[in-house]
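Chain naming here is simple, since letters A, B, ... match the order of the sequence lines and numbering starts at 1 in each.
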Amino acid sequence: MNHWLVKSEPSEYSYDDLVKDGSTYWDGVRNYAARNNLKNMKVGDKVLFYHSVKEKAVVGISKVVKEHYQDPTTDDQRWVVVDLAAEKKLKKPVTLGEIKAEPSLSDIALVRQSRLSVMPLDAAAYNRIVDMSH
DNA sequence: GCCAACGTTGGC
DNA sequence: GCCAACGTTGGC
C-alpha cells in the first residue's frame, strides 16, 4: 500500500464536504507531476487531506476507492481523476508549521515543493503525521 | 496583497 | 529545442 497527500482549498472542496459526500472524484488536476501521482494510486491507498491557503493543515484521512480514469469534467484525454472516500477526520489538524518543525518531515514534498497538489509520502512520514494528530 | 517558485506557452 | 514571457499556486 502506498501513501499520498492531496491539497485542496477548503473554500473549493473541504474535508467536511468529502465526509458529507462520502466519496468524490478528485478533479481539477492540471499538472503532469500531480497527474502521474494520481495514476499511481491504487485502491486502498491512504491519502492525507490537506487544506491549503487559509488553514494550512492536514485535517483528515481518505482512501482511494477507484483507480484513475478519464476526468469527466474535460474532454482532454491527458487528465484523469481518482475516486476518494473519507475515512477518518483527524482529532487535531496537523499544521504546516508543525510539519516544518518536525525534523523527520523536512524532506517531504509538501515542504520542499509547495505548489505540488498531489504527492507521495513514504510510510514513515505518513505515520509521523498521523501520530502528530493525536 | 505581495511575491517566490515553478509550470506552460509560444516566438525564434 | 531553447528560453523569455506569462500565468498560477500558495505561503507569508
Side-chain angles (χ1 to χ4, degrees):
Chain A
M1 180 179 49
N2 291 310
H3 302 83
W4 309 92
L5 184 148
V6 296
K7 293 191 196 173
S8 182
E9 284 198 37
S11 59
E12 296 292 321
Y13 196 87
S14 71
Y15 189 76
D16 287 338
D17 291 330
L18 182 62
V19 170
K20 184 157 49 83
D21 293 345
S23 68
T24 191
Y25 55 82
W26 199 253
D27 67 335
V29 169
R30 295 291 181 270
N31 166 286
Y32 291 109
R35 191 275 314 268
N36 291 340
N37 290 330
L38 284 183
K39 285 190 167 182
N40 285 326
M41 289 186 183
K42 301 285 185 222
V43 169
D45 283 358
K46 304 283 193 188
V47 183
L48 292 179
F49 198 109
Y50 175 84
H51 280 175
S52 62
V53 184
K54 270 186 71 180
E55 289 181 59
K56 283 171 290 176
V58 177
V59 294
I61 300 170
S62 61
K63 64 182 174 185
V64 178
V65 291
K66 187 174 178 187
E67 282 162 29
H68 70 91
Y69 55 98
Q70 167 69 34
D71 185 337
T73 65
T74 177
D75 289 333
D76 191 330
Q77 302 204 336
R78 290 176 299 171
W79 307 119
V80 300
V81 298
V82 297
D83 283 2
L84 294 181
E87 183 161 288
K88 196 169 76 153
K89 186 168 182 169
L90 298 183
K91 279 193 194 123
K92 182 176 80 68
V94 180
T95 66
L96 182 62
E98 289 168 339
I99 288 170
K100 284 189 167 171
E102 169 57 44
S104 67
L105 297 176
S106 60
D107 270 346
I108 67 171
L110 182 69
V111 175
R112 300 180 66 91
Q113 209 181 338
S114 67
R115 290 187 51 196
L116 190 61
S117 60
V118 180
M119 66 195 74
L121 284 179
D122 62 32
Y126 173 89
N127 288 326
R128 189 79 199 92
I129 292 170
V130 172
D131 282 349
M132 287 164 74
S133 74
H134 291 153

Checklist entry - Within the pair A:Gln113 and C:dG10, is there a side-chain N or O less than 4.0 Å away from OP1 or OP2? => result no
Next on the checklist: If I take atom CG in residue A:Leu110 and atom P in nucleotide C:dG11, what distance separates them, rounded to the nearest angstrom?
Outcome noted: 7 Å
Checklist outcome for this item: note: A:Arg115, atom CZ; C:dC12, atom C1'; distance rounded to Å ~ 16 Å
Item to check | Whole-Å distance separating the CE atom of A:Met119 from the C1' atom of B:dC6 | outcome: 14 Å
Item to check | Aromatic ring proximity A:Tyr69/A:Trp79, centre distance under 6.0 Å | outcome: no
Checklist entry - What's the CG-P distance between A:Leu96 and C:dG11, to the nearest Å? => result 6 Å
Item to check | Separation of C:dG10 C1' from A:Leu116 CG (nearest whole Å) | outcome: 12 Å
Next on the checklist: I want to verify a distance call: between C:dG10, B:dT8, C:dC12, whose nearest atom is closest to the A:Lys100 side chain?
Outcome noted: C:dC12
Checklist entry - CH2 of A:Trp79 versus P of B:dG7: gap in Å, rounded? => result 12 Å
Item to check | Ion pair check, A:Glu98 and A:Lys92, cut-off under 4.0 Å | outcome: yes
Checklist entry - Can you tell me if A:Glu102 uses its side chain to pair, donor with acceptor, with the backbone of A:Ile99 under 3.5 Å? => result no
Next on the checklist: Rounding to an integer number of Å, can you tell me how far A:Arg30 CZ sits from C:dG7 P?
Outcome noted: 19 Å
Checklist entry - To the nearest Å, how far apart are A:Ile108 CD1 and C:dG11 P? => result 12 Å
Checklist entry - Are any of A:Tyr50's side-chain N or O atoms less than 4.0 Å away from OP1 or OP2 of C:dG11? => result yes
Checklist entry - Counting distance only, does the side-chain N/O of A:Thr74 pair as donor-acceptor with the main-chain N or O of A:Asp76 below 3.5 Å? => result yes
Next on the checklist: Base, sugar-phosphate or nothing for A:Lys54? Non-hydrogen atoms, less than 4.0 Å.
Outcome noted: nothing
